[in-house]
Enquirer: 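Structure below; questions to follow.
Just so it is clear: chains get the letters A, B, ... in the order the sequence lines come, proteins before strands, and each one is counted from 1. Computation of the quantities below employed the complete heavy-atom set of this structure, encompassing side-chain atoms and omitting hydrogens, waters and symmetry-equivalent molecules.
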Amino acid sequence: MEIDSTQDATNGRMPTVEAGQPVDDDEDLDHIFDDMDEDETSAPAHNPWRPVHAPLDVHNVNLSDYGGDNSLKLKLFYRHFFPMKQYIDWLNYDTVSDSKLSASDIKLSKTFMNREFCFTLMDDTYIRFQSYKTVDEFRQELTRLNPAKIDLGAIYNIRPRDKASVHASAFKPMSKELVFDVDMTDYDDIRTCCSGGDVCMKCWEFMTVAMKIVDSALKDDFGFKNLLWVYSGRRGVHCWVGDERARQLNNEQRKAIVAYLDVTKGGERQGKTVKLPNNLHPSVRRSYEIIDEHFKNIVFNSQDILRDPTHWEKILTLIPDETVQQTARVEWEADPDREPSDKWEDLRGFVRKAIATPSKRNLLEHVLRDIMFQYTYPRLDEKVSTNINHLLKSPFCVHPKTGRVCVPIEIENCEKFDPTEAPTTETLINELNQYDTDHPGSNLQDWEKTSLASYVKVFEAFVKGNVKSIRSTKQAKAEPTLEF
Amino acid sequence: MFRQENRKTRQMLASGHIGYDEKNPYTTTLNFYKVPPTLNITIVEFEQFALDRMQILTKLMNGQLRNLPPAKLEASMNEAISKHMPMSGNSSSGHGVTREQVLERQKDYISHFIVRLAYCRSEELRNWFLRAECALFKYRFERLSQKEQLEFLETQHLSWKKVSDDDKRILRENLRSTALSSFKSGNAEDETYFEVDFEKVPLLVGRRQVYVQGGKAYVPLAHQVSLVLDEFKERLSRDLEAMGRALPRMEEDKRLMPILNHLDKQYLGREFTSSAIAGEIQAQDVDGLKVHMPLCMENLHNELRQDKHTRHGGRMQYGLFLKGMGLSLEQALIFWQTAFGKLTPDQFNKEYAYNVRHLYGMEGKRTDYTPYSCKSIIMGNTPGPQDHHGCPFRHFNETNLRAQLTSHMVDEFDTEDIMRMVKGRHYQVACTRYYEVTRARMLGIGTETLKGGGLSSNGGSEVASQELIEHPNQFFEQSFKLMRDFSEKKNGANGDPSEVQAVPEPTIKGRYTYRMAGPGTSSTSNNMDMDME
């Protein structure tokens with residue numbers, strides 16, 4: 001497993017470039033040779049995303065000159081705003097480094113060194129299975145590659161860079177945060193305000209509900225304490241559970257948690273996808289309370305689903321009873337402008353009438369409740385969570401399309417989070433310049449002078465929480481400290 | 001641990017008979033298989049034990065894969081158990097353990113370790129073995145009386161933290177609604193609950209069958225089996241890995257390694273030897289019998305007719321299959337010569353006749369080859385670019401397989417079902433499903449009665465394959481017999497014959513005698529003559 005340093009150094013110059021799916025982990029060793037070519041093309045001066053005259057001085061940059069040049073913005077972001085120290089502390093998972101210590105002086109833990117990093121370059125090349133032994137090495141690589149996206153993978157039994165030196169079966173993922181990914185595209189069948197990549201405060205409420213439900217289930221039911229919610233940069237949210245116990249879960253246990261959280265069954269063509277038992281499991285009942293708070297606003301105000309016939313039909317078809325459907329249809333077509341919330345009350349009445357017939361009771365009694373679930377319950381991307389070596393975009397990336405930074409969301413104030421207000425590199429540079437003009441000679445970190453500071457604070461709290469939980473589990477096990 | 005076992009296994013073989021192990025009381029039918037056996041057995045027993053256990057494990061796994069209804073699974077398991085590894089419970093003997101019971105349980109114990117040796121070699125094998133053994137353990141545990149279960153747990157010193165009455169009062173409401181939500185009566189007070197880490201019971205958590213709070217799952221007594229199983233699985237998984245790491249030390253053992261290496265590839269079904277029915281069908285009947293052939297053979301047949309040629313792999317697979325169907329050597333020569341229509345008789349005799357005679361054991365080393373089983377087709381010789389042999393479920397790409405299924409009128413729903421099995425690499429299960437779906441269509445039975453293996457009414461049960469398809473000739477015989485029985489019944493009853501229009505009866509010109517091959521067939525079905533003209 002130990003590789004002598006000379007060999008390792010050569011490895012370090014030779015990133016495994018793969019133009020494949022980022023999640024595909026069947027590797028071909030032959031690829032190493034292709035990589036060298038690709039690597040060469042990415043370094044020299046004709047490189048399109050590294051302008052020759054790049055004025056890397058953040059104060060003199062005139063972004064309008066570089067309107068389309070995202071790579072410059074990215075470069076500035078990594079150099080000035082990426083909270084390196086907190087980031088290293090996070091992935092180290094052993095101790096919060098002294099605040100006076102500069103990031104380069106932090107010693108990396110085994111957890112960090114065995115972590116897989118995957119970079120997506122500007123030309124959509126994936127570089128998988130990267131790993132670093134020092135902070136400087138990591139920092140240099142970040143500046144050199146200037147990746148459009150950083151993905152984090154699992155922590156392996158050996159350093160991912162040395163993967164080729166062992167047999168494929170001896171390279172094993174050992175741990176990783178329990179992660180969740182909620183994406184707005186999964187809501188497109190019920191979203192009426194936007195579609196595709198767009199997002200507004202109206203549909204963002206779906207994400208708010210998702211965060212609240214998943215967060216409370218993970219904390220109350222599974223006892224996790226350190227959750228980081230992150231805006232994905234465009235139209236979704238990610239969740240990282242940093243507790244030691246969560247990181248040690250195997251795939252089967254991850255699958256169990258996802259199944260526990262999932263209430264929908266059946267695929268797209270199935271229409272009604274939620275069928276819950278009459279008596280709700282305590283966890284689902286708690287989710288129901290959250291849904292109840294938001295359902296009316298989402299469905300009647302922001303999404304306006306009972307406003308016009310094409311949308312209300314979607315709801316009606318979910319009711320497995322012709323009479324109820326027909327009654328509502330006739331009623332509403334006669335008065336289409338009736339308030340949506342009144343229409344919902346109509347529906348309640350029709351269903352109540354229908355379940356007076358005992359044979360219909362079982363089918364219809366909870367149908368409206370199930371529809372509420374179908375319309376507002378979080379839709380999780382299962383694969384991301386259930387597979388330990390699945391990649392997920394790291395916090396503090398810049399989304400290549402929107403230019404927005406993937407910032408942490410404070411769960412206590414998640415209702416106030418507005419994705420359209422999330423900082424972009426441009427706003428950060430402007431804020432920085434403004435601050436420096438107002439406070440000349442300040443020795444704060446660049447990100448501290450901008451609106452990013454409040455987001456980094458959220459992140460710091462998460463990192464501190466992780467370290468605390470590790471300490472307490474270590475004490476519980478009464479083991480001597482292994483690393484320092 | 002392993003070195004010790006290695007030595008012991010050899011000792012076992014040295015003296016050649018099973019001793020009575022005084023130290024192992026075998027108080028129940030269950031075993032945690034903690035310590036490897038130290039008994040002596042012969043090499044013949046070694047292999048036999050392993051094969052017997054494999055019969056049971058594969059039967060159970062396949063039954064579960066196919067979603068057999070519980071009663072059916074039970075029946076087929078009971079049959080396999082009584083045939084290969086009988087096990088009698090304690091209750092039948094009153095008190096104490098009889099010598100027979102000790103021997104039965106000893107066989108279970110020893111065979112577990114032999115198969116474990118064979119299946120510790122790779123991750124894939126280990127996973128299968130782990131799943132199979134857990135399923136078997138669960139199957140057995142659930143069939144014990146509560147008293148026996150408790151006895152067993154006591155002998156293993158297994159216990160979990162019980163929820164105190166005070167805590168139960170606090171949690172009462174939540175425990176009650178959890179029980180109600182999974183359709184159990186909500187009498188939380190009388191139920192015993194265990195408090196365990198949720199990681200221990202992933203299945204119960206995933207189905208929301210337990211109340212989970214603060215990382216603890218509250219497991220009612222009724223779900224205790226999950227806890228026992230988790231314990232069993234964890235230990236076995238650990239031991240399997242340890243054994244896998246130690247296995248290379250055994251490589252030098254020339255007697256056991258061949259047996260172990262082949263155990264997972266062994267075909268366990270009956271052999272379809274041709275001798276019993278050779279000479280019963282004619283070369284010209286083959287086309288008419290195509291409807292009864294599995295997809296792999298039908299495909300070879302079609303390609304043969306189209307190209308007027310088949311390459312070596314295809315000739316072996318299809319030729320032996322025809323031989324298993326009952327085509328005599330004489331008829332086979334006629335069949336192949338007509339099939340290879342582009343060749344002159346001379347060319348055929350020079351280049352291919354030898355080949356056909358060879359299949360029938362008349363040339364070369366004179367081996368009477370038996371038809372390939374599904375296992376050997378799936379795991380054997382992978383087809384190359386112009387080859388048509390192999391198993392369509394294994395070797396076709398998705399588009400081609402879908403096209404094949406569509407051309408056999410498999411509807412969308414069933415196709416998805418089959419594709420799912422294929423993706424899970426359960427090719428034989430997929431083939432069995434294909435059998436059921438297509439036969440049902442031929443008989444005009446709606447396939448929806450077949451869904452999920454539930455085949456209670458409308459003749460569905462007749463179509464359902466009792467066994468997993470493990471041999472192309474089994475597919476053929478089963479299908480042929482099904483059609484024959486069905487048409488006999490139709491002719492016998494005064495029902496409306498137009499009801500079933502689509503029964504494609506085999507159009508056989510000559511006299512065709514159908515006879516089951518192999519041992520174990522009842523005498524009545526042995527000589528069923530059928531004149532189809």
Enquirer: Would you mind telling me which of B:K200, B:E199, B:R207 has the largest number of heavy-atom pairs within less than 4.5 Å of chain A?
Expert: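 Top count of heavy-atom pairs under 4.5 Å with chain A: B:E199.
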Enquirer: Check each atom of A:L249 against the heavy atoms of chain B and say whether the ones under 4.5 Å are side chain, backbone, both or neither.
Expert: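 Just the side chain, heavy atoms under 4.5 Å.
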Enquirer: May I ask you to check whether over 12 heavy atoms, not counting those of B:K161, lie within 6.0 Å of atom NZ?
Expert: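 Not more than 12 within 6.0 Å, no.
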Enquirer: Need one label for A:V284: side chain, backbone, both or neither, based on atoms under 4.5 Å from any heavy atom in chain B.
Expert: side chain
Enquirer: So, are A:E252 and B:K233 salt-bridged, with charged N and O less than 4.0 Å apart?
Expert: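 Looking at B:K233 together with A:E252, the answer is yes, because their closest N to O distance falls below 4.0 Å.
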Enquirer: What are the two closest heavy atoms between B:P202 and A:A256, and how far apart are they?
Expert: O-CB, 3.1 Å
Enquirer: What are the two closest non-hydrogen atoms of B:F198 and A:R245, and how far apart are they?
Expert: CD2-NH2, 3.4 Å
Enquirer: Where is the tightest heavy-atom contact between B:G206 and A:A259, given as atom of each residue plus distance?
Expert: O-CB, 3.4 Å
Enquirer: A:L280 versus B:S177: any side-chain heavy-atom pair under 4.5 Å?
Expert: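 They are not in side-chain contact.
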Enquirer: As an exercise, state the distance from CZ of A:R285 to CG of B:N174, rounded to the nearest 0.5 Å.
Expert: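 Nearest 0.5 Å value for the CZ-CG distance: 6.0 Å.
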Enquirer: Please classify the contact of A:L218 with chain B as side chain, backbone, both or neither, using a heavy-atom distance under 4.5 Å.
Expert: neither
Enquirer: Would the number of heavy atoms belonging to other residues, nucleotides or ligands and lying under 6.0 Å from CG of A:N362 be above 12?
Expert: no
Enquirer: Are there more than 12 heavy atoms of other residues, nucleotides or ligands under 6.0 Å from atom CD of A:E322?
Expert: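 No, not enclosed.
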Enquirer: Using 0.5 Å steps for rounding, measure from the CG atom of A:D262 to the CZ atom of B:R208.
Expert: 7.5 Å
Enquirer: Would the number of heavy atoms belonging to other residues, nucleotides or ligands and lying under 6.0 Å from NZ of A:K255 be above 12?
Expert: no
Enquirer: Heavy-atom count check: over 12 atoms from other residues, nucleotides or ligands less than 6.0 Å from A:K219 NZ?
Expert: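 Yes, enclosed.
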Enquirer: Quick check: are there more than 12 heavy atoms from other residues, nucleotides or ligands sitting under 6.0 Å from NZ of B:K138?
Expert: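 Not buried by this count: 12 neighbours or fewer within 6.0 Å.
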